[in-house]
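Worksheet: one structure, shown below.
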Protein chains: 2
Amino acid sequence: MPKSKRLMELMMTVNRKRRFKVQELADEFGVSTRTILRDLQELSELGVPLYSEVGPHGGYQVVRERVLPPIAFTEEEAVAMFFAVHALRHYSSLPFEAESASALSKFYLHMPGDVRDRIDGMKDRVDFITPTRRGDAPCLAILLDAAVHRKVLAVEYESKEKEAGSRRIQPVCIYANNGFWYCTAYCFLRQGFRVFRCDRIREAAYDMSGTEPLDLGDVSLSRRGAAEPREPIRLRVELSRSGVQRCEAELWLAPMLHVREDGSGAIDKDVSRGDIPFYTEFFIGLGDEAILEGPAELKDAIRRRLNELLARYL
Amino acid sequence: MPKSKRLMELMMTVNRKRRFKVQELADEFGVSTRTILRDLQELSELGVPLYSEVGPHGGYQVVRERVLPPIAFTEEEAVAMFFAVHALRHYSSLPFEAESASALSKFYLHMPGDVRDRIDGMKDRVDFITPTRRGDAPCLAILLDAAVHRKVLAVEYESKEKEAGSRRIQPVCIYANNGFWYCTAYCFLRQGFRVFRCDRIREAAYDMSGTEPLDLGDVSLSRRGAAEPREPIRLRVELSRSGVQRCEAELWLAPMLHVREDGSGAIDKDVSRGDIPFYTEFFIGLGDEAILEGPAELKDAIRRRLNELLARYL
DNA sequence: GAGTTTATGACAGAATGTGTCACCATTATA
DNA sequence: TATAATGGTGACACATTCTGTCATAAACTC
């Protein structure tokens, strides 16, 4: 086997078995231990972080982070990846440590000069914006780990209402939306699934009280939302052009929106009666851009609400 | 020079100069043409897409997309990059073609089995959510190109008010926010900078009328927003705990927010008089969570607005 | 047809890689 | 304290691979 190939395979092998002895590899590759030692030194020079200990039970280890076999990307792929990772800088917290920054600089440094120039030209001209929030979420990593390995966590959570309280949860998934990190989890306190905002989780630790984790195998990111409305009532609204554009920006509304040729639109869908307080606020916000045709119940609610507000501003 | 190093440098060189002749490289590396030929064949086998033509004016070319020198990432870096690129799938349009998908699969395929398992375990449990919108923006690539190379475009734009109209613009930058792509550009029609929503740009083509591009060198992403308020008036608001949380979610508001120990908060900042209509809507939306203390002008505006709305719902 | 350029094979000599051996250092454990 | 396990290094002869040279071919331009 040519040396170059052996080195590649050696790198793979070494990454797979994080601990190994020289003799082991020598047998595996059919070369002498001296050769393996020389090869390992070369790998080391190439950046694989090897560490060795002498003596019985000693041996080699791939220390810290393992290095993955090098991947060759095309220029376009590299550019796309660069900006994807670049977008992560908007997040003050990430479930991975600071690795995205190092990946970015690694990318940048490895590019031939002209590709680097191209990226430089684009860097100030393309962006994926995410609102930057103040509070960071220090416990993303542990939440993610718990979600992956089905562990129960004891957390201190500051909910909307209360100051702070401790509860046991079993995370299902975490996701970033609009600059905040959320974690859907089974809450043993409330006996059901809840969404927690991660920056309000003050502390998180693996639960030691022996609470049995649930089998949440089929619950995951893909199963959010989309419930049938309960106690349906008919919502009918006429929208101006601007009204349509403002509704399009509302994610939850977009699916029920009917847009006409001329840009105006309408909503005509069953919604839950329980959501009336929510719609009340929303249609007050839309102002002149929406003409509410029904239900009367919602109209009443809006009228009452407007009067209440008016009273506050006298 | 050891062969392995020569091959690496050869790959770089070959990628830099997309066209070259064997003799050229032989001189550059101080080896014979025969050796270079053998090396090029090896590069070829390693995946570099080389193409050669014999005869005068012939020579070698790197065909299709060039392959960048392989980069070795650590496991954590790779995972972070995987999810960064994974997040791009929420965008129906991107300024780069389908490269993010191929980058993703390349990543996935090159991972040793256990890292792949790790990613599989996390794939359904972490996400960066971006609202998915209907309209895609077909002209992102040309907008970006125009921004980078300072070109003037002739576009068909459907603005909020009008059906559609053609105008000449010179893009400055493009950015994705909340699921929409926007393009800030100098508009030769309006003689000033405007923000265009890219999915409303029906058509875009390089301008042929000979409009002279402007030198927008110093205008870029970094200089958005942050203007001093004109005609400042003092905005003073008292916020409940929930009020604070809702304000934190508003990007433009977060910097002026003062949060107290107990979770409640206040706003006390100069704002532009011209923004009163905007604040009117906003504080109506906040309802009971905010107590507006001033200015009187804004209170009046809110009262008037509430009365108008009430009239619509009688 | 003359000139340019890639393509391939053969082979000797040069360069590099490999195995063996000798020896050292460190450490766990009997 | 002795012993065995383990990595680390240098020297040197031997093996293998790599490289240059040469011959030859084929494709193409002018």
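Sequence lines set the chain letters: A, B, ... in the order given, protein chains first and strands last, and positions in each chain run from 1.
- The nearest whole Å value for the distance from the CG atom in Asp27(B) to the C1' atom in dT5(C) is 15 Å.
- By the 4.5 Å heavy-atom criterion applied to side chains, Ile142(A) and Lys151(A) are not counted as neighbours.
- Residue Phe196(A) forms a ring pair (Phe, Tyr, Trp, His ring centres under 6.0 Å) with just one option from Phe180(A), Tyr157(A), Tyr182(A), and that option is Tyr157(A).
- For the pair Arg167(A) and Phe188(A), the cation-pi criterion (under 6.0 Å, within 45° of the ring axis) is not fulfilled.
- Taking atom CD of residue Glu53(A) and atom P of nucleotide dT29(C), one finds them 12 Å apart after rounding to whole Å.
- Each of Tyr60(B) and Gly55(B) has a nearest nucleotide on DNA chain C; the 5'-most of these lies closest to Gly55(B).
- Nearest heavy atom pair, residue Arg168(A) against residue Ser209(A), reads CD-OG, 3.7 Å.
- The distance from atom CZ of Arg6(B) to atom C1' of dG20(D) is 12 Å, rounded to the nearest whole Å.
- In this structure, Leu37(B) atom CG and dT21(D) atom C1' are separated by 14 Å, rounded to whole Å.
- Regarding contacts with the backbone of dG7(D), every side-chain N or O of Thr33(A) stays at 4.0 angstrom or more from both OP1 and OP2.
- Looking at which nucleotide of DNA chain D each of Ser52(A) and Pro56(A) is closest to, the 5′-most match is held by Pro56(A).
- Note on Thr35(A): every side-chain N or O is 4.0 Å or more away from OP1 and OP2 of dT18(C).
- Base engagement by Ser32(B) is indicated by at least one non-hydrogen atom pair under 4.0 Å involving a base atom.
- When rounded to the nearest whole Å, the span between CD of Glu42(B) and C1' of dT17(D) equals 11 Å.
- Ranked by how close their nearest DNA chain D nucleotide is to the 5' end, Val54(B) and Asp39(B) are led by Asp39(B).
- No donor-acceptor contact under 3.5 Å links the side chain of Arg38(A) to the base of dG8(D).
- Across the protein-nucleic acid pair, Lys21(A) atom NZ and dA28(C) atom P stand 13 Å apart, rounded to whole Å.
- Here the C1' atom of nucleotide dA15(C) and the NZ atom of Lys3(A) are 12 Å apart, to the nearest Å.
- Here Phe107(A) and Phe73(B) bring their ring centres to under 6.0 angstrom of each other.
- Not a single donor-acceptor pair, N or O on each side, falls under 3.5 Å between the base of dG17(C) and the side chain of Arg34(A).
- Atom P of nucleotide dT6(C) and atom CD1 of Ile36(B) are separated by 11 Å, given to the nearest angstrom.
- In terms of phosphate contacts, His57(A) brings no side-chain nitrogen or oxygen within less than 4.0 Å of OP1 or OP2 of dA4(D).
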